[in-house]
There are 2 protein chains.
Amino acid sequence: MKAASLRARIRAEMTDEIKAVALRHLATDGANLSLRAVARDLGMASSAVYRYFASRDELLTAIIIDAYDHLGATAEAVPRDGSYPEQWLAVCHAVREWALANVHQWALIYGSPVPGYQAPNDTISSATRVVLTLARIVQDAAAAGQADAGEPVTGPLAEDLQAVASFAGPAVAPQLAGRTMAGWLQLNGAISAELFGQLNNTITARREFFEFQMRGTASWIGLSEVGLRES
Amino acid sequence: MKAASLRARIRAEMTDEIKAVALRHLATDGANLSLRAVARDLGMASSAVYRYFASRDELLTAIIIDAYDHLGATAEAVPRDGSYPEQWLAVCHAVREWALANVHQWALIYGSPVPGYQAPNDTISSATRVVLTLARIVQDAAAAGQADAGEPVTGPLAEDLQAVASFAGPAVAPQLAGRTMAGWLQLNGAISAELFGQLNNTITARREFFEFQMRGTASWIGLSEVGLRES
DNA sequence: CCATATCAAGAGCACTGCTCTTGACTTTCG
DNA sequence: CGAAAGTCAAGAGCAGTGCTCTTGATATGG
C-alpha cells in the first residue's frame, strides 16, 4: 500500500508540477499553450507529458477546473458583513480582483470557448460556485423580506426560472432568480469588458465604474439597504 | 489609368475572395484560422496569400473590422419606431440576432482577445458604431425629458463619464452616459453569456430571458414608456 | 522595347500536437 | 526470489502550422 501510494503521490506531484508550469506559460504567452514548451521547461520529453494528460485539451480542462474552484473559493471566502447590497458588492469586488490577478484564467473560463473544447461534466459543479454564492445572498435577503424583484414573469421563461429558483432556495421567487442570474451575467460582462479592452480610451476609473455598475445591478435585483447583524 | 486600376481591381477582388474563404473557415473550424488551409481552398500556394495579408493577424484584423462594420450597420439599420424602451429593445434584439448568426465573428470582436493581436486604430471608429446607436436613442429620450438616470456621480469617475457624455450628445448627463455605457456592456455580456455557453443546462427560453434582461437595463437607464411619433 | 514592379510558386525553417516504438524501471504475484 | 506485468521517459517520426526567401513568370510604365 505504501509503495503504491508512493508512486501515486509522485504522479500527483508531477501532475501538479505540469499544471503549475502550464499556468506560468499561460500567464505570459496567453491562451495558445504549447505542451512542448512546458515539457521543455520541465526538462523532459514532450511525449512524457502525455502520460499525465492525454491531450492539450485535457491539460486545459484541468486548468479550467482549477480556475473555477479557485475563483469559487475566493467568492465563498468573502465575509458576509453589512447590508445585503454591501455583501453583494463585496463578492463582486472579490471576483473582479481575482479576475484582474488571473486574466488568462478568466479568459479561459469565461471568454470565447477554445475551438475543439467541450466542457466535461466535472466542471459544472465547480463552475456554479460563484453564482451560488451570489444566490445565497439574495436568498437570505429574500427570506428577510429585503429583496423585491418586481413583477412575476410569465411565458416559457417562467419554467426555466422556476427551476433556477429551486436551486437558489425557498424564498427566491422565479423573477428574483431571473434577476439574480442576470445580475451574475452583468458582473461577468462588466469584468470581461474591462479585461478584454472594451473600456480602453474611455474609462480610466475602472474600479469606480465597476462599482457604479454593480450598485445598479444590486438595486435592480431589489436588495434593500437595511443592515444585517451576524448572530 | 485603366490598366492600373484593372490590376488594382483584381487585387481587391482577390483580397475579398481571401476574406470570404477565411470567413467560411472561421465559421466551421472556429478561431484557429489556418492561412494555409485558406490558400489550399483557393487553389494557390500559401506564400501567395502573404502578398495580400502580411500575416495571419492582419487577415484577422481585416475580418474584425468587417465584422464591426457589419454589426454596426445592422444596429444602425434598425427602424426607430415606438417608445424609447421599444427602440432600445429593437436594437438589442438586432444585435443579438446578428451575433447568433455570426457566432465566431462575435467571439472575435468581443471574446477573449487573440494572443498576439493588438487592435489598430482603424478599428475604433468601426467598433463604436453600436454603442453610438444606443447612445443616440438615449440622447433623444433625454432631450425629450424621458430619460432619468438617477443621482449624479461624483469622484474620479465623473470626469470619465463627462467625456463619454460629450460624445453622446448635449442632453446626456454624465450619470446617464455611465448607465448607457453600462447598458451596452450588459447587452454585450448577455449575448456573450448565451453564445459562450453560460446558459447551458439552465435557460432554454433564450430570447425571452434576453428580453427580460434588456428590459431591466432599459428601465435602469431610466427610459420611460411614453411613445414617440416620427412625424 | 526594356527596365521595373508585381505576382505565384516552391523549398525550407522552426514550431506545434500527437503517435509509436524502444528501453529502463518498478510493482506484483507465483 | 525471480519472472511477468505494469508504468514511465525518451526519441523518432508524421502531418500540420506561420512565415521567409528565392526563382521564374507576367504585367506596368517610361
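Sequence lines set the chain letters: A, B, ... in the order given, protein chains first and strands last, and positions in each chain run from 1.
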Q: Quick one: on DNA chain C, does A:L35 or B:R11 contact a more 5' nucleotide (nearest heavy atom)?
A: B:R11

Q: Would a 4.5 Å heavy-atom cut-off, applied to side chains only, mark B:V21 and B:R24 as touching?
A: yes

Q: Between atom CZ in B:F53 and atom P in D:dC19, what is the gap in whole Å?
A: 13 Å

Q: Is there a side-chain contact between B:F210 and B:I191 in this structure, where contact means two heavy atoms from C-beta onward sitting under 4.5 Å apart?
A: yes

Q: Find the distance A:R40:CZ to D:dG11:P and express it as a whole number of Å.
A: 14 Å

Q: Per the atom types in the model, does the base of D:dA9 pair as donor or acceptor with the side chain of A:S47 at under 3.5 Å?
A: no

Q: Between B:L33 (CG) and D:dC19 (P), how many Å, whole number?
A: 11 Å

Q: Between the base of D:dG18 and the side chain of B:R36, is one N or O donor paired with an acceptor at under 3.5 angstrom?
A: yes

Q: Would you confirm whether the ring centroid of B:Y110 sits within less than 6.0 angstrom of the ring centroid of B:W98?
A: no

Q: Would you tell me if any nitrogen or oxygen in the side chain of B:Y52 comes within less than 4.0 Å of OP1 or OP2 on C:dA8?
A: yes

Q: If I take atom CD1 in residue A:I10 and atom P in nucleotide C:dC25, what distance separates them, rounded to the nearest angstrom?
A: 15 Å

Q: Quick check for you: among D:dC19, C:dC18, C:dC7, whose closest atom lies nearest to any side-chain atom of B:S55?
A: D:dC19

Q: Kindly give the heavy-atom pair with the smallest separation between A:I109 and B:Q198, and that separation in Å.
A: O-NE2, 4.0 Å

Q: What is the distance, to the nearest angstrom, from the CG atom on B:N32 to the C1' atom on D:dA15?
A: 16 Å

Q: Taking the minimum atom-to-atom distance to the side chain of B:S34, which one of D:dG18, C:dG17, C:dG10 wins?
A: D:dG18

Q: Side chains of A:T217 and A:W88: do they bring a donor and an acceptor to under 3.5 Å?
A: no

Q: Nearest whole Å is fine: how far is C:dC7 C1' from B:L42 CG?
A: 15 Å

Q: For B:Y50 and for A:A45, locate the closest nucleotide of DNA chain D by heavy-atom distance; then report the residue assigned to the nucleotide nearer the 5' terminus.
A: A:A45

Q: Can you check the A:R51 CZ to C:dT21 P distance for me, whole Å?
A: 13 Å

Q: Given C:dG10, D:dC19, D:dA10, identify the nucleotide with an atom nearest to the side chain of B:R56.
A: D:dC19

Q: Could you state the CZ-P distance from A:R9 to D:dT7, rounded to the nearest angstrom?
A: 19 Å

